Number of protein chains: 2
Amino acid sequence: MTAPILIAVDGGGTGSRYAMRRGADYSEATAGPANVSSDFDGALANLRLGLGNLGLSAGELQDARICMGLAGVLDEEDAARVLNALKFPHLKVLDDRAIAVRGAFMSSGVGALAGIGTGSYVACLRDGAVQFAGGWGLALGDEASGAWLGREALRAALMVLEGAGLQSTLVAELLKGGPARIMRDAALADPTWFGQIAPLVVNASVTGDKVAMDLLNRGAAYLSDTLRRIGWTDGMPLVLTGSLGPVYKPYLPADMRANLKEQEGSALDGAFAYAAEMP
Amino acid sequence: MTAPILIAVDGGGTGSRYAMRRGADYSEATAGPANVSSDFDGALANLRLGLGNLGLSAGELQDARICMGLAGVLDEEDAARVLNALKFPHLKVLDDRAIAVRGAFMSSGVGALAGIGTGSYVACLRDGAVQFAGGWGLALGDEASGAWLGREALRAALMVLEGAGLQSTLVAELLKGGPARIMRDAALADPTWFGQIAPLVVNASVTGDKVAMDLLNRGAAYLSDTLRRIGWTDGMPLVLTGSLGPVYKPYLPADMRANLKEQEGSALDGAFAYAAEMP
């Protein structure tokens, strides 16, 4: 009897990663974006391409246990659309957050995680169940994220024009093009546009800019409040992921800082764990 | 010597109004939207059409003192673009908020105003000068506006799903289509879309819905804080305009409620006042 084929897929909004494991055999591949909510057809094309790049035969793909964690899988309906489109007999489709959390606490199965990139979410894994919070998108939330930092920085700058905010180097930089420019840009902006302002905030915070530090303190307060609310308690490992994860380390309360850990495994590792459980 | 021709224009995002006064002669006209920021060419076409509908000759329009208050005039550059395009010798172009405030306090020249429709702004007129606050658009502000009420209602509803918010009839209604639906809609939504939720909030508040009343209390707190900050003091007339103005009356502090007045004149009256001052 040969070892079963396991396939792990981590599909994000900027690119997707694929890995195959069969006993001691291991291979990896990549493809383009796979956010099924923002571009379903494009995501499907990339998923097919990425799976094809693993070098398996059609028959082997039919036999494989495949777990995909995909950005933009908001509910069962989204997952069902992918299942119906791909028609693999052993396919599990999850939200990309689910495989990231599983991977981060592979062996222990216990821990909390804050994923902070252009968007944000927090999660707490315990007793085999994950509780999520946040991740509603910039219009409705995504507090502490890069997009949120950028938007709140612009709001802080405009408040100075109203005589109600704190002046700072960051504020002066943001106001260089004038308020009309900011309003015009913001009216049409998506989270990625706001997120491009986040590095200015981070850089300013390093030089002691009070407005920038205030924003990071507000973001950290959101993260710590939400982590406690969904079940983080002192002693539970805490992982910060995403491009902005490390930025928040010094802004978290001492009890959280004391429990910060590196993630045990990647999102692909998490997807493999789900794939291995499939019948 | 004949009386001078005065023309007043109130250009908004959904329609524009035109009025002509020459001694005892008076005429009015209407045309389509005139937001020069969201659609410059369309706004110009409507402005030409509306002025034409006043029934004046080309020579009379050249002689007339014209004041336009236009939505989307964010800075001097926007005003200059309109001046250059229309080329009337006696033309003054202002933000539509400026003519509304001038009209509201025509004779007294003193008062504060909160304009609350899909967007929001506050203003304080005193000693011939107006101080504005807010009006930055939904992404960056517009607190208390219809768009803000709608967005914050959705945020409150999603918080309930995270176990952190207050359940209510309004929340149940907003969650009927599920959170994925809300996220998909909100990611693409403009202020008008969010504003369409505001009537649900207002109706719920009338039946005592605590989530709806909390939102109106938050909006009222923003309005009263901002009005005081830009110079409103007890005894100064306060006008609430816009479709949502009246909604906030019972939620304002007692000293503000005691000073609420009807506006003295319309935005067209304000534009006439500016036109009459032109050389």
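Every value quoted in this text rests on a predicted model; they were computed, and no experiment measured them. Quick note on labels: first sequence line is chain A, next is B, and so on, each numbered from 1.
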Here's a test: name every donor-acceptor pair under 3.5 Å between chain B and chain A, with the distance for each.
residue, atom, partner, partner atom, Å
D78(B), OD1, R184(A), NH2, 2.8
D78(B), OD2, R184(A), NH2, 2.8
G134(B), N, E162(A), OE2, 2.4
W136(B), NE1, E162(A), OE2, 2.7
L140(B), O, R155(A), NH1, 3.1
R155(B), NH1, L140(A), O, 3.1
E162(B), O, R229(A), NH1, 3.0
E162(B), OE1, R229(A), NH2, 3.0
E162(B), OE2, G134(A), N, 2.4
E162(B), OE2, W136(A), NE1, 2.7
R184(B), NH2, D78(A), OD1, 2.8
R184(B), NH2, D78(A), OD2, 2.8
R229(B), NH1, E162(A), O, 3.0
R229(B), NH2, E162(A), OE1, 3.0

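Taking the side-chain contact (heavy atoms from CB on, under 4.5 Å) definition, one finds that A271(B) meets it with A8(B), C67(B), I99(B), sequence neighbours left out. In this structure V130(A) satisfies the side-chain contact (heavy atoms from CB on, under 4.5 Å) test together with V101(A), A123(A), L125(A), F132(A), sequence neighbours excluded. Taking the side-chain contact (heavy atoms from CB on, under 4.5 Å) definition, one finds that A79(B) meets it with V73(B), V93(B), sequence neighbours left out.
For I182(A), the parts sitting under 4.5 Å from any heavy atom of chain B are the backbone and the side chain alike. No part of A187(A) comes within reach of chain B, as not one of its non-hydrogen atoms sits under 4.5 angstrom from that chain.
For the residue pair A139(A) and A186(B), the shortest heavy atom distance occurs at CB-O, 3.9 Å.
Among G141(B), P191(B), P179(B), A133(B), the residue with the largest count of heavy-atom pairs under 4.5 Å with chain A is A133(B). Each of A164(B), G135(B), G72(B) has some count of heavy-atom pairs under 4.5 Å with chain A, and the biggest count is that of A164(B).
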